[in-house]
Amino acid sequence: MSLDVAEFHAEVYTIVRLIPPCRVTSYGHIAKLAGMPNHSRHVGQALKFLPANTTPLIPWYRVIGASGTISSRGPGTDGARRQRNALVAEGVDVTDGRTGDFRIDLRTYGWFPTRDEVRAMQQIEAEDV
DNA sequence: ACACTGACGTTAA
DNA sequence: GTTAACGCCAGTG
């Protein structure tokens with residue numbers, strides 16, 4: 001069974017929507033929750049593919065690297081800075097590293113549920129509607 | 001087929 | 001605490 005890219009992206013989006021406010025998780029953890037533990041890079045690819053304004057809103061800015069740093073989009077881009085602003089606006093404490101990188105304390109803000117917990121959350125979402 | 005890239009992760013030093 | 005070297009895998013040229 002081959003994996004459809006669109007299907008993977010959709011799976012990523014449904015999981016990212018479940019991240020609570022003021023919490024962050026990593027690309028790799030999203031990949032695990034989607035059942036693709038070695039596709040962390042493609043989680044980033046899925047988020048990059050995301051349009052600016054989505055309905056429902058997908059909190060892409062709550063996804064950071066496993067080391068607790070906001071991934072750089074390369075020099076000359078402002079994506080990382082916008083991500084930091086979005087997190088700060090939510091009340092997340094973002095510290096500025098020496099080399100201009102942005103760090104978040106995962107022990108405080110990290111959100112790393114199991115697949116079962118995510119399934120339970122999806123069940124609750126379905127009931128709420 | 002080949003080399004290189006990327007919003008990544010783990011490990012070693 | 002840090003950086004460097006791999007491993008990873010779908011796209012791209």
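The chains referred to below are lettered A, B, ... by the order of the sequence lines, with proteins before strands, and numbering in each begins at 1.
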Contact pattern, 5' to 3', of nucleotides 3-9 of chain B - B, S or - by protein heavy atom under 4.0 Å: ---BBBS
Would a distance-only check, ignoring hydrogens and angles, find a side-chain to backbone donor-acceptor pair under 3.5 Å from A:Glu11 to A:Leu33? no
Let me know the distance between CZ of A:Phe8 and P of C:dA10, rounded to the nearest Å. 10 Å
Within the structure, does a side-chain N or O atom of A:His39 lie under 4.0 Å from either OP1 or OP2 of C:dC8? no
Separation between OG1 of A:Thr95 and CD1 of A:Ile104, rounded to the nearest 0.5 Å: 7.5 Å
Rounded off to whole Å, could you give me the CG-to-C1' distance for the A:Leu106 and B:dT10 pair? 15 Å
Please state the C1' separation for the pair C:dG13 and B:dA7 - nearest whole angstrom. 22 Å
Give the minimum heavy-atom separation between A:Pro56 and A:Arg17, together with the two atoms involved. CG-CD, 3.5 Å
Do the side chain of A:Arg103 and the main chain of A:Gly68 share a donor and acceptor less than 3.5 angstrom apart? no
Working to the nearest 0.5 Å, report the span between CZ of A:Arg41 and OH of A:Tyr27. 11.5 Å
Check whether A:Thr25 reaches the backbone of A:Phe112 with its side chain - one donor and one acceptor, N or O, closer than 3.5 Å. no
Is DNA chain C part of any stem, that is, at least 3 consecutive Watson-Crick or G-U pairs with both distances under 3.5 Å, and where? B:2-6 with C:9-13, B:8-13 with C:2-7
Reported CG-to-OG distance for the pair A:Leu106 and A:Ser26, which is rounded to 0.5 angstrom: 8.0 Å
If you draw the axis of the six-membered ring of A:Tyr109, does the NZ or CZ of A:Arg23 fall within 45° of it and under 6.0 Å from the ring centre? no
